[in-house]
K.L.:
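Got a structure for you, written out below as structure tokens; questions coming shortly.
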There are 4 protein chains.
Amino acid sequence: METISKWSINFSSGVHVYKQIINNIYEAIGNGELKEGDKLPTIKELSEQLQVNPNTIAKSYRELELKGVIAGKRGNGSFISAHQAKTAKLTAEERDSRLNKLFSRVIAEAKSEGITEDELMNYIMDRR
Amino acid sequence: METISKWSINFSSGVHVYKQIINNIYEAIGNGELKEGDKLPTIKELSEQLQVNPNTIAKSYRELELKGVIAGKRGNGSFISAHQAKTAKLTAEERDSRLNKLFSRVIAEAKSEGITEDELMNYIMDRR
Amino acid sequence: METISKWSINFSSGVHVYKQIINNIYEAIGNGELKEGDKLPTIKELSEQLQVNPNTIAKSYRELELKGVIAGKRGNGSFISAHQAKTAKLTAEERDSRLNKLFSRVIAEAKSEGITEDELMNYIMDRR
Amino acid sequence: METISKWSINFSSGVHVYKQIINNIYEAIGNGELKEGDKLPTIKELSEQLQVNPNTIAKSYRELELKGVIAGKRGNGSFISAHQAKTAKLTAEERDSRLNKLFSRVIAEAKSEGITEDELMNYIMDRR
DNA sequence: GTGGTCTAGACCACC
DNA sequence: GTGGTCTAGACCACG
């Protein structure tokens, strides 16, 4: 559960917060950081960690429960459900296509903010 | 202008429509599909093509105009502005701050498309 | 917050309503009536007080938010942001460019209120 | 007519272009640069000088003609009308009140763009 | 309840 | 005909 604590929410990304939480959970499942039967962080825990209102976390969990990805045990927290519902892996082709689009956007956006492509790349390298 | 017509909107991705439009435009600029002085599709055109309310398109265009990325000419359409080194030389501090914001936003959006942070990083590394 | 309630809109001045609202906020900040962290009137409040559609107020607030002047907290209202030296050190060139734009804009707005360019300049000289 | 040629239009001031033109004419009358019987620039002349569409100039002249401030002579241009319709001089008090508001806004707006009050004042001094 | 997005449609400034 | 403002009102995310 401690490894999960690098989740982060961007409040001005144009992506709904509850959706970002869902996405993070999907990613963690894909990563193997969360496996069948693992316990998810409490709503209260996540709420404090991500600085997000508990209701918002609850909404994310509710939506995942509806899809059968997780299951809530009354008073015991929520757990990754035995039923798979994997992240519907993208084909390598589709993934690369999206990455191409995404990255050419990043470059343009960076430039429009006065950042060169080199500065961008250096930043990303340092970030690892 | 015909090459642009493959823009598409995902209404259930959790990413705001006006933001997706902005992203598409940044992508096209990054791609080289749109260059300085090029004419953007008319608000009405895009509105019909993407099945989105004209005001929503207008909102996207306006936000880009405020950022100086495009410029609207009444009665003539909107155009890609001269890309600016206008934001002037940034301090290292300010530059890193912008990069942080930009990149954390990108991560959120990537995840909303089913791309993990690792996949994103690997892609960028390979790209060098 | 009560001192703010003397804001007023002139619907026939030829100046856009959303711009007048922005101007009022800038004025209040310049006056010292609004300081960092202060709460702005609710969109709904201002809307009723000024007899202007809520969306128009929202547009003003959003534009100021994009510029980093204010920040909106969902369910809590909008607040004056920490005033930034965030735009970083400007080059002399860029600074003069911004001053040119700003000041020529101000002249246009002054004239729209019946103030001549000479009166404006004299006022500023006297002010020193 | 040559002295008039310092009129300028700001297209992003939030003040309608046709209104700016009207304001400029009122100011010129107030200044004494334009007196009763003086000939106004041709629509075509002004259009080229200000880089504004002739229709827009025409609209400004039409509005001034309706108010009796100017009078058009078929094929001879437009002239300042004998009837006064002065600029409805502001009281010194009212004028100073508006200038106070205006200037405190300018300072706040400049600051929010990374310009100090000193830089602003120096710029204005140099501008004379 | 608050900010924010989106739709729909009227009207206007400008070309 | 094009961009842009404003209104009106539904609906949503978030607190």
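Note that this is a predicted model, so its numbers are computed, not measured. Proteins come first, then strands; the chains are lettered A, B, ... in the order of their sequence lines, and each starts at number 1. Just the heavy atoms: all of them, side chains too, but no hydrogens, waters or symmetry mates, feed the values below.
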K.L.:
Verify side chain to side chain contact (heavy atoms under 4.5 Å, CB included) between C:Val17 and C:Asn53, making sure each step is shown before the conclusion.
P.N.:
CA-CA 10 Å; C:Val17 172; C:Asn53 186 287; over 6 Å; no

K.L.:
Taking side chain as C-beta onward, heavy atoms only, is C:Lys111 less than 4.5 Å from C:Glu117?
P.N.:
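The answer is yes; the side chains approach within 4.5 Å.
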
K.L.:
Can you find a heavy atom in the side chain of A:Val52 that is under 4.5 Å from one in the side chain of A:Leu46?
P.N.:
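Side-chain contact under 4.5 Å: no.
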
K.L.:
Nearest heavy atom decides the nucleotide; on that basis, is D:Gln51 or B:His16 closer to the 5' end of DNA chain E?
P.N.:
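Its nearest nucleotide being more 5', the pick is B:His16.
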
K.L.:
With nearest nucleotide decided by heavy atoms, which residue, C:Gly72 or B:Val15, maps closer to the 5′ end of DNA chain E?
P.N.:
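Of the two residues, C:Gly72 wins.
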
K.L.:
Excluding sequence neighbours, so at least two apart, what forms salt bridge (Lys or Arg N to Asp or Glu O under 4.0 Å) with B:Lys44?
P.N.:
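With neighbours one apart ignored, the set is B:Glu48.
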
K.L.:
What residues form a salt bridge (Lys or Arg N to Asp or Glu O under 4.0 Å) with B:Arg62, not counting sequence neighbours?
P.N.:
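With neighbours one apart ignored, the set is C:Glu63.
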
K.L.:
Starting from the 5' end of DNA chain F, give me the residue, C:Lys73 or C:Lys19, whose nearest nucleotide shows up first.
P.N.:
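So the residue in question is C:Lys19.
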
K.L.:
Check this for me: C:Lys19, atom NZ, are more than 12 non-hydrogen atoms of other residues, nucleotides or ligands nearer than 6.0 Å?
P.N.:
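Yes, enclosed.
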
K.L.:
Please work out if B:Glu65 contacts a base, only the sugar-phosphate, or nothing of the nucleic acid, heavy-atom cut-off 4.0 Å.
P.N.:
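It contacts sugar-phosphate atoms only.
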
K.L.:
Tell me, with the steps shown, if C:Glu27 and C:Asn24 meet side chain to side chain contact (heavy atoms under 4.5 Å, CB included).
P.N.:
CA-CA 5 Å; C:Glu27 266 167 49; C:Asn24 275 315; 3.9 Å; yes

K.L.:
Let me spell it out: for each of C:Tyr18 and C:Arg74, pick the nucleotide of DNA chain F with the closest heavy atom. Which residue's pick is nearer the 5' end?
P.N.:
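Final value for this comparison: C:Tyr18.
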
K.L.:
D:Phe11 and D:Leu50: which non-hydrogen atoms are nearest, and at how many Å?
P.N.:
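Smallest heavy-atom distance, with atoms named: CZ-O, 4.2 Å.
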
K.L.:
Where does DNA chain E form stems of at least three consecutive Watson-Crick or G-U wobble pairs, each pair having both distances below 3.5 Å?
P.N.:
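Only these stems qualify: E:1-14 with F:1-14.
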
K.L.:
Apply side chain to side chain contact (heavy atoms under 4.5 Å, CB included) to residues A:Glu65 and A:Ser78 and explain how you reach the verdict.
P.N.:
CA-CA 9 Å; A:Glu65 193 160 5; A:Ser78 299; 5.6 Å; no

K.L.:
Between C:Val106 and D:Phe103, does a side chain to side chain contact (heavy atoms under 4.5 Å, CB included) hold up when you go through it step by step?
P.N.:
CA-CA 9 Å; C:Val106 167; D:Phe103 202 67; over 6 Å; no

K.L.:
Please identify each residue that fulfils side chain to side chain contact (heavy atoms under 4.5 Å, CB included) with A:Ser12, with sequence neighbours left out.
P.N.:
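Partners of A:Ser12 by the side chain to side chain contact (heavy atoms under 4.5 Å, CB included) criterion, ordered by chain and then number, come out as A:Asn10.
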
K.L.:
Between residues 53-64 of chain C and DNA chain E, which residues have a heavy-atom gap below 4.0 Å?
P.N.:
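Residues of residues 53-64 of chain C that come under 4.0 Å of DNA chain E are, in numerical order, C:Asn55, C:Arg62.
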
K.L.:
Reading DNA chain E from 5' to 3', where do the contacts with chain D start and stop? Cut-off is 4.0 Å to heavy atoms.
P.N.:
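That gives a stretch of E:dA13 to E:dC15.
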
